[in-house]
There are 4 protein chains.
Amino acid sequence: MIKVGIIGATGYAGVEIVRLLQQHKDAEVVWYGSRSYIDKKYADVFANMFEIVDEKCLDDNIEELADKVDVIFTATPQGLCSSLVNEEILNKVKIIDLSADFRIKDVATYEKWYKIEHKSPEFIDEAVYGLCEINREKTKKARLIANPGCYTTCSILSIYPMVKEGLIDPKSIIIDAKSGTSGAGRGAKVPNLFCEVNENIKAYGVGTHRHTPEIEEQLGYAAGEEVLINFTPHLVPMQRGILVTAYANLKKEVTYEEVKAVYDKYYKKEQFIRVLENETPPETRWVEGSNYVDVSFKIDERTGRIIMMGALDNLIKGAAGQAVQNMNIIFGLPENEGLQQVPMFP
Amino acid sequence: MIKVGIIGATGYAGVEIVRLLQQHKDAEVVWYGSRSYIDKKYADVFANMFEIVDEKCLDDNIEELADKVDVIFTATPQGLCSSLVNEEILNKVKIIDLSADFRIKDVATYEKWYKIEHKSPEFIDEAVYGLCEINREKTKKARLIANPGCYTTCSILSIYPMVKEGLIDPKSIIIDAKSGTSGAGRGAKVPNLFCEVNENIKAYGVGTHRHTPEIEEQLGYAAGEEVLINFTPHLVPMQRGILVTAYANLKKEVTYEEVKAVYDKYYKKEQFIRVLENETPPETRWVEGSNYVDVSFKIDERTGRIIMMGALDNLIKGAAGQAVQNMNIIFGLPENEGLQQVPMFP
Amino acid sequence: MIKVGIIGATGYAGVEIVRLLQQHKDAEVVWYGSRSYIDKKYADVFANMFEIVDEKCLDDNIEELADKVDVIFTATPQGLCSSLVNEEILNKVKIIDLSADFRIKDVATYEKWYKIEHKSPEFIDEAVYGLCEINREKTKKARLIANPGCYTTCSILSIYPMVKEGLIDPKSIIIDAKSGTSGAGRGAKVPNLFCEVNENIKAYGVGTHRHTPEIEEQLGYAAGEEVLINFTPHLVPMQRGILVTAYANLKKEVTYEEVKAVYDKYYKKEQFIRVLENETPPETRWVEGSNYVDVSFKIDERTGRIIMMGALDNLIKGAAGQAVQNMNIIFGLPENEGLQQVPMFP
Amino acid sequence: MIKVGIIGATGYAGVEIVRLLQQHKDAEVVWYGSRSYIDKKYADVFANMFEIVDEKCLDDNIEELADKVDVIFTATPQGLCSSLVNEEILNKVKIIDLSADFRIKDVATYEKWYKIEHKSPEFIDEAVYGLCEINREKTKKARLIANPGCYTTCSILSIYPMVKEGLIDPKSIIIDAKSGTSGAGRGAKVPNLFCEVNENIKAYGVGTHRHTPEIEEQLGYAAGEEVLINFTPHLVPMQRGILVTAYANLKKEVTYEEVKAVYDKYYKKEQFIRVLENETPPETRWVEGSNYVDVSFKIDERTGRIIMMGALDNLIKGAAGQAVQNMNIIFGLPENEGLQQVPMFP
């Protein structure tokens, strides 16, 4: 039985890891780390866990934790994981970091977009970008996983086959993304109040959102050349879900069948990526509660562009689910263990 | 492997049975009955089932169905199940009816409140009222289960221990209930449109709702005398969830500890009923996606009343989950097989 | 032109006063008091006011304010207004207090339920409880108005005619109330976050909510005897709206027509109270955005009870609208000036 | 007093016209046309109108109507208005058509995108495209107004100054639009049910939405050359609101100040268009309940693109409000009569 510690167990991603691991046969959470709720019963913070989780919240002494567990999930704000990690820790325990600290290979880019100093740049090279379907082989041997962001996972997976096959102009990509509110976290802030979010839609971070360089870097590896994107996130009055609508110029005329074959080439074998049929646009409700990403596309002959679309549950494939998937890969478990939930509708 | 047929597989309760049984080790759906969608792929109606369910919708020829399956769930409007059932069918197959046809023992009461003629009153006596925690023993031997309504399950379980122990006046009970919109079904009706339901709360069926006699009858058995209630349902702008707030006059002064002991006496051993602590009111979000009922209470010394509260997911413990639980009891399986989902939050 | 100052202009009730007074012919806001946003442009806090309100937020120096305005609205937490008011101030300016400070005549009751010491009990007797339709005459001469709470307005107006006419047992009243989330205010608190409120319904303050004694006191005046109620508020995932479902034992048999005549007797002449016809239950959507209260009732012969129902917009008739209505009465203006909005649907 | 007839008074746009005209000093509705509800009291369909509108719904005999009213609003599906209009009617009465029948000048384009035959192409040339801020002068003399669509109004006004001034490449425009659910109308259809819309976001009509040619045509007039766009609408779980996020390649380097000056050049004098400051993205909540359009933009030097954004209330500036604004222009009334509502928040 794999012993799991969570630092940041009382955020929305944290409680989702807890929920998923309740249904995991080979792993159990033994450390519920939460600075804000030390000594409080976990089920008093999240009453859905009443009679399911009896433990109390603990602080996050990483040295002690590293001795007690096999893997640590850090579901914390940027800057914390990079300030905790060191060689000794990594020799004892696997770390799956849900923050952005190790996602971007170029330190200067990280520091520019996140506006903080990186505390342990020496581990950036080693860290594996944990987009499971693309970096599965590297993940198997990793000590440190940079678990991708929610917008990022959805954006990259929606676009990847087209970039990889060189079918679209990598400088023409525009990503218009929409997110449920749980992506904004559980912090007590006025903009996240019910009355501020409900009956509203807005763009935010236009031209400045920090997932931009992460998407550009990863798509750049696939393209073999520089990728430059516009990325515009929007806040939608719903709890979960990311929808990506991406636009790019086609380099040449292609048919529906040709593009479908390209998507199938990369994703047909993937159990968590569903390539929809007949130009059906993905919808967040059809993946909610599951680790699926649904992708689809539409060729617009009038403008010579392709619209690439994807949907996922930001707390599962966009955070906790992908983290568990990475854990399964690292420890040689079936990749879908604990992740077999069928999307819940309505 | 138990073979399952569903009549009414494309309603909200139907698709929830399908979802739950995907996670059931010993049962599988082999017949997706839906008059409205015959020959259409099930996953084209509910795209969450894409790459999960490959079957097409079938009509509902019950004779053919009875030969092919071990159990039939009828998730259909009132009147259908009672028009289909007969001795020959019941000798071949178990029937778990999610409609109201066999819930009320008195035919006249049924016909008065439902305003339709009962088509097979000869089976009413035999039918077991499938409130699992109360009628478990009878269910083990049943051929025909009257699966309780969503409001009913929540109301009865919230009040049952107090009535059973004779602590409240059975003529003083007032039940103010609130339901998510999936309880209204998937019919294309103006009152269920997003713009009609959202940003609104209303009472409906005041004094006339058909769950009233079902609650009165079942609580009457527990009380050993006539129970007369006010029942007022309300429609809430959310998808899932029932919340019951029930009021009754205490027959004598009781302490919190005494009442807590009464609830624990009946429910402590029940895995799907959670008696909350410290007067914490239940909330629908803490049970959503699970088969749990959370119950709680508050004694008001000022008025000599007790407020009894309960919350459940109307599509699970209030419909599909309880139906699967009944199936498990009938077939001697672990009662929680397929029902171990942890409530999903947020 | 009446000059208006608002203390607490950046809460939800505050901004609603601002909005209503934009459409008022004889009053204008000249002081936007907000401790949290001093020197910030009001339209930078509430962008709906961009190009409409150009002023900045000011602090709340009440002496200075009293010299500059004709009426002050205090839309602040309990305890502030009572700490500011004094004879000199009241000689200069009318005060309409939207907090609870002067609503309850019995200081001990106030201090018990609100758990704070009252700072100026000497003004309680003078303060007029500003339920316009009931205390209109007293309001005309008032210096200090205790503007009623949102739950309270809806509860009292739904029940008042029945109590006043002695048709129901005043010890049997049970009020089950449901509120939109704006009633919880604009404070940055986790329980009010979108992801905590959405897809949920819960009771809170069961047996302890502070509007209880306010309702009991006011209904007691109407009854001419002590009134004792159960009051249970619930939080609903919507922005605006209060729905009250109240239950009471009828003292004698009455017909629909008799009760309708009683409601009409008190409310027919009132432009902001609509007595619905044909037992139609009120719905919050039909009053949203307006100063209306819709009331209705249903007699249940089976149980000998009456169900009395009411709906209003908590920010208008339940707060800002009633405050403006009180201002109009005090200054001898048409009572509906600035309050002629038609309910907005959807 | 201008006498108004509405054909289609029981749809969402229809009831919004009724609501706005209740607050209009110089116009009154005298004909509530609704085929579905003939002889039913209008307030029985929309209970917000109880005690406000006493009339019954009538059929839509246009000859009779033309004799009785000064202006007819047709808030009906495509194809109806063009089947009713003729020279005799137009000589008697102004027609403001909220459907698409007369929006597109090229009949072939209309018939291709709407897939119906045009019934009165002879009036297309005469019809004025009623985007008030752009075609005000023509509107003053019009007999027949083609009231623009909701997506269209928001898209065109967000982009117009940039196209008009030749600052962006007219073949590079991508419009990603998001709409509240009232835009889908009040028809009883499964996809518009609460449980289907809530907790979901989806794109629809990708590459095929019928507002595409309308936007292209109108922007083409401004550009003086062909405009070719991608237009992708999305359905958002909210009642009202359109948000447009549009992308285009800048033809040359421009500064924030230069672009701001361009927007101000066209819109500064317009009372219903607010050009936001400091790159603030518009949000639908800040315009809800009003006739405002909020527009803003962000220059992205990295990609050489500009992101142009706009927000409006689809039922007001996107439908009923603009229709009333057109009526005011035609009859020489103050353009904002009946349209002075301040946006309502929350």
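A note on names: the letters A, B, ... follow the listed sequences, proteins ahead of strands, and every chain is numbered from 1.
A donor and an acceptor atom, one from each side chain of Ser290(C) and Asp313(C), are nowhere located under 3.5 Å apart. Between the side chains of Lys260(B) and Thr255(B), no donor-acceptor pair of N or O atoms lies under 3.5 Å. Side-chain contact annotation: Arg305(B) with Asn249(B), donor-acceptor N/O pair under 3.5 Å present. For the residue pair Tyr247(B)/Asp176(C), the side-chain donor-acceptor check at 3.5 Å is satisfied. Between Thr152(C) and Glu214(C), the side chains place a donor N or O and an acceptor N or O closer than 3.5 Å (distance only, hydrogens not considered).
When each of Lys202(C), Glu288(C), Lys171(C), Glu279(C) is checked for heavy-atom pairs under 4.5 Å with chain B, Lys202(C) comes out on top. Between chain B and the options Arg240(C), Glu301(C), Met309(C), heavy-atom pairs under 4.5 Å are most frequent for Arg240(C). Ranking Gly180(C), Pro237(C), Gly241(C) against chain B, the residue ahead of the rest is Pro237(C), based on heavy-atom pairs under 4.5 Å. Listed options Thr280(C), Ile201(C), Thr303(C), Leu228(C) were ranked by heavy-atom pairs under 4.5 angstrom with chain B; first place goes to Ile201(C). Among the candidates Thr232(C), Asn230(C), Leu243(C), Ile307(C), the residue making the largest number of heavy-atom pairs closer than 4.5 Å to chain B is Asn230(C).
Only the backbone of Pro282(B) has a heavy atom closer than 4.5 Å to any heavy atom of chain C. When heavy atoms are compared at a cutoff of 4.5 Å, Ile306(B) does not approach chain C at all. For Ser179(B), no part sits under 4.5 Å from any heavy atom of chain C, backbone or side chain. For chain C, the nearby part of Val236(B) is the side chain; its heavy atoms alone come within less than 4.5 Å. Using a 4.5 Å cut-off between heavy atoms, Ile174(B) contacts chain C through its side chain alone, with no backbone atom that close. Using a 4.5 Å cut-off between heavy atoms, Glu196(B) touches chain C through backbone and side chain atoms alike. Contacts between Asp300(B) and chain C at a heavy-atom distance below 4.5 Å involve the side chain alone, from C-beta outward. In this structure, chain C has heavy atoms under 4.5 Å from both the backbone and the side chain of Glu199(B). For Ile229(B), the part sitting under 4.5 Å from any heavy atom of chain C is the backbone (N, CA, C, O) and nothing else. Neither the backbone nor the side chain of Ser296(C) comes within contact range of chain B; no heavy atom of the residue lies under 4.5 Å from a heavy atom of that chain. Contact of Ile173(C) with chain B is made through the backbone alone, with heavy-atom distances under 4.5 Å.
Salt bridge Asp169(C)/Lys251(C): absent, no basic N to carboxylate O contact under 4.0 Å. By the 4.0 Å N-to-carboxylate-O rule, Asp294(B) lies close enough to Arg274(B) to be salt-bridged with it. A salt bridge between Glu216(C) and Arg302(B) is present, with a side-chain N of the basic residue lying under 4.0 Å from a carboxylate O of the acidic one.
When side chains are defined from C-beta on, Glu217(B) counts as touching Lys105(B), because their heavy atoms get closer than 4.5 Å.
Between Phe231(B) and His211(B), the angle of the ring planes lies from 30° to 60°, which puts this pair in the tilted group.
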